[in-house]
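Okay, structure first, notes after.
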Amino acid sequence: MLPNMFPLASGPLGAIPVLPVQAMTQQATRHARRVYVGGLPPTANEQSVATYFNHVMSAIGGNTAGPGDAVVNVYINHEKKFAFVEMRSVEEASNAMALDGIIFEGTQVKVRRPTDYNPSLAATLGPSQPNPNLNLAAVGLSPGSTGGLEGPDRIFVGGLPYYFTEAQIRELLESFGPLRGFNLVKDKETGNSKGYAFCVYADVSVTDIACTALNGIKMGDKTLTVRRASQGTLQPKPEQEIVLMHAQQQIALQRLMLQPGGPPTKVLCLTHVVSPDELKDDEDYEDIVEDMRMECGKFGNLVNLVIPRPRSDGEPTPGVGKVFLEYADVESSSRAQQGLNGRKFGGNEVVAVFYSENKFSEGDYEG
């Protein structure tokens, strides 16, 4: 067993004749501090499991015992593909229970209590349930049930362009049939897409067909990664080939509709360029307008620039956070789209897509 142990805390491993009080306390609470992690991929090892769980525990705000790493020890059974992850506190082990179903190295893993867990005794040692204020969205999870997104037929959809709306993604996925559950993962603070989603089909027999048809498809400047969340590459069954061929034809049509290089217009919409807070001060706003006018005017004759500002009364304003550029001709807007899309601006990757000229002329900035 020792070769599979990965001690992460300092201290001798040899025999200790007399256990100090701290060691006795640790031994007494160990059953409540250990977490069972099942369904690990073959590539998992003690170091990778420890590093991953330290990272996600920090990301969700689950490190309640103070600064430093939550994981103190990992034991892996490679043959049965599970691990015991020992946390430094009972409360942190309870917080880790919220990570059930998380994706580790491309595989959905189970996070449960070990068989020696004693609920009655554990209740006297610390919280038995995860903190309700954990930021699970930071790691692509949501509290409790995920609305039909459980089970082996759960699909991971990665590499989504950030400008795709939920409706567009659902339309793409529903080329294969109605969905039982869908979750587009978004940034908690900005509400913007994080570029990946999870879904489950009502008819699970189309799961492999959808994965094979969608995986590897180019959408704008991105390449989709679509597979079961619980396993890697998939091969369609022979009887699925005809359905798959038809599905790929549908996807080809969807690509034309959704990619940013679709029907060009004289108007561009930029996102991930400015935040609402940057637009509140009049002087800052004027500086941003002038900078954008100079930079975007390099691509051609820029006839109009609109940057919607937040209202002073706090009411929502359509288009806040977006920048709209109207050029004199499509050639100029196309050059701007190619030059601006994907450019880094303030640490963010700019998304530049063509926008309806009719909507823009009517002052409709919500599209």
CA sep, side-chain torsions, deciding dist, call: Phe53, Val74, side-chain contact (heavy atoms from CB on, under 4.5 Å): CA-CA 10 Å; Phe53 275 87; Val74 175; over 6 Å; no
Asp277 and Ser275: CA distance, side-chain angles, deciding distance, side chain to side chain donor-acceptor pair (under 3.5 Å) verdict: CA-CA 5 Å; Asp277 288 340; Ser275 68; 5.4 Å; no
CA sep, side-chain torsions, deciding dist, call: Asp203, Phe176, side-chain contact (heavy atoms from CB on, under 4.5 Å): CA-CA 9 Å; Asp203 179 4; Phe176 305 93; over 6 Å; no
Stepwise side chain to side chain donor-acceptor pair (under 3.5 Å) test for Ser361 and Glu357: CA-CA 6 Å; Ser361 65; Glu357 294 176 16; over 6 Å; no
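The line from CZ of Arg34 to OG1 of Thr29 is 11.5 Å long, rounded to the nearest 0.5 Å. Of the inter-residue distances, the one linking Glu171 atom CD with Glu174 atom CD reads 8.5 Å to the nearest 0.5 angstrom. Distance check: Met87 CE to Arg33 CZ gives 10.5 Å after rounding to the nearest 0.5 Å. Residue Leu325 holds its CG atom at 6.0 Å from CG of Leu305, rounded to the nearest 0.5 Å. Distance CG/Asp287 to CD/Glu278: 11.5 Å, rounded to 0.5 Å. Here the CD atom belonging to Glu91 is positioned 10.5 Å from the CG atom belonging to Asn63, to the nearest 0.5 angstrom.
Residues Leu173 and Leu214 form a side-chain contact, since some pair of their non-hydrogen atoms from C-beta on lies under 4.5 Å apart. A 4.5 Å side-chain heavy-atom check between Leu172 and Leu224 finds at least one atom pair inside the cut-off. Side-chain contact check for Asn304 versus Lys266: every heavy-atom pair is 4.5 Å or farther apart. Under the 4.5 Å side-chain criterion, counting only non-hydrogen atoms from C-beta, Phe360 is in contact with Tyr365. Residues Val274 and Arg309 form no side-chain contact, since every pair of their non-hydrogen atoms from C-beta on lies 4.5 Å or further apart. Counting only heavy atoms from C-beta outward, the side chains of Val351 and Pro161 never approach each other to under 4.5 Å. Residues Thr265 and Val267 meet the side-chain proximity criterion, which asks for heavy atoms closer than 4.5 Å. His31 is listed as a side-chain neighbour of Leu121, based on a closest heavy-atom distance under 4.5 Å.
Counting non-hydrogen atoms of other residues, nucleotides and ligands closer than 6.0 Å to NZ of Lys110 gives a total of 12 or fewer.
Closest non-hydrogen pair, Ala98 versus Leu134, comes out as CB-CD1, 4.0 Å. Pairing each heavy atom of Thr225 with each of Asn215, the nearest pair is CA-OD1, 3.3 Å. Counting all heavy atoms, side chain and backbone alike, Leu279 lies closest to Pro308 at CD1-O, 3.3 Å. Nearest heavy atoms, Glu105 versus Ala44: OE1-N, 3.9 Å. Scanning all heavy atoms of the two residues, the minimum distance from Ala59 to Asn135 falls at O-ND2, 4.2 Å. Of all heavy-atom pairs between Ser94 and Pro130, the closest is O-CG, 3.3 Å.
Classified by interplanar angle (parallel below 30°, tilted 30° to 60°, perpendicular above 60°), the ring pair Phe104/Tyr52 is perpendicular.
Phe324 and Val320 fall into different hydrophobic clusters, where Ile, Leu, Val, Met, Phe, Trp and Tyr side chains are chained together by heavy-atom contacts under 4.5 Å. A single hydrophobic cluster is seen to contain both Leu99 and Met97, as judged by linkage of ILVMFWY side chains at heavy-atom distances under 4.5 Å, directly or through other members. Val37 and Tyr117 end up in different hydrophobic clusters when Ile, Leu, Val, Met, Phe, Trp and Tyr side chains are linked at under 4.5 Å. Following chains of ILVMFWY side-chain contacts shorter than 4.5 Å, one can reach Ile155 starting from Phe164, so the two form part of one hydrophobic cluster. The hydrophobic cluster containing Ile288 also contains Leu268, counting ILVMFWY residues as joined when their side-chain heavy atoms lie under 4.5 angstrom apart, directly or transitively.
A centroid separation of 6.0 Å or more is found between the aromatic rings of Tyr327 and Phe299.
The residue from Thr271, Leu270, Ile307 that alone fulfils the side-chain contact (heavy atoms from CB on, under 4.5 Å) condition with Lys322 is Thr271.
One finds a salt bridge joining Asp208 and Arg228 here, because a Lys/Arg side-chain nitrogen approaches an Asp/Glu carboxylate oxygen to under 4.0 Å. Classification of Arg113 and Asp100 as a salt-bridged pair fails, no side-chain N sitting under 4.0 Å from a carboxylate O.
Between the side chains of Thr223 and Lys218, at least one donor-acceptor pair of N or O atoms lies under 3.5 Å.
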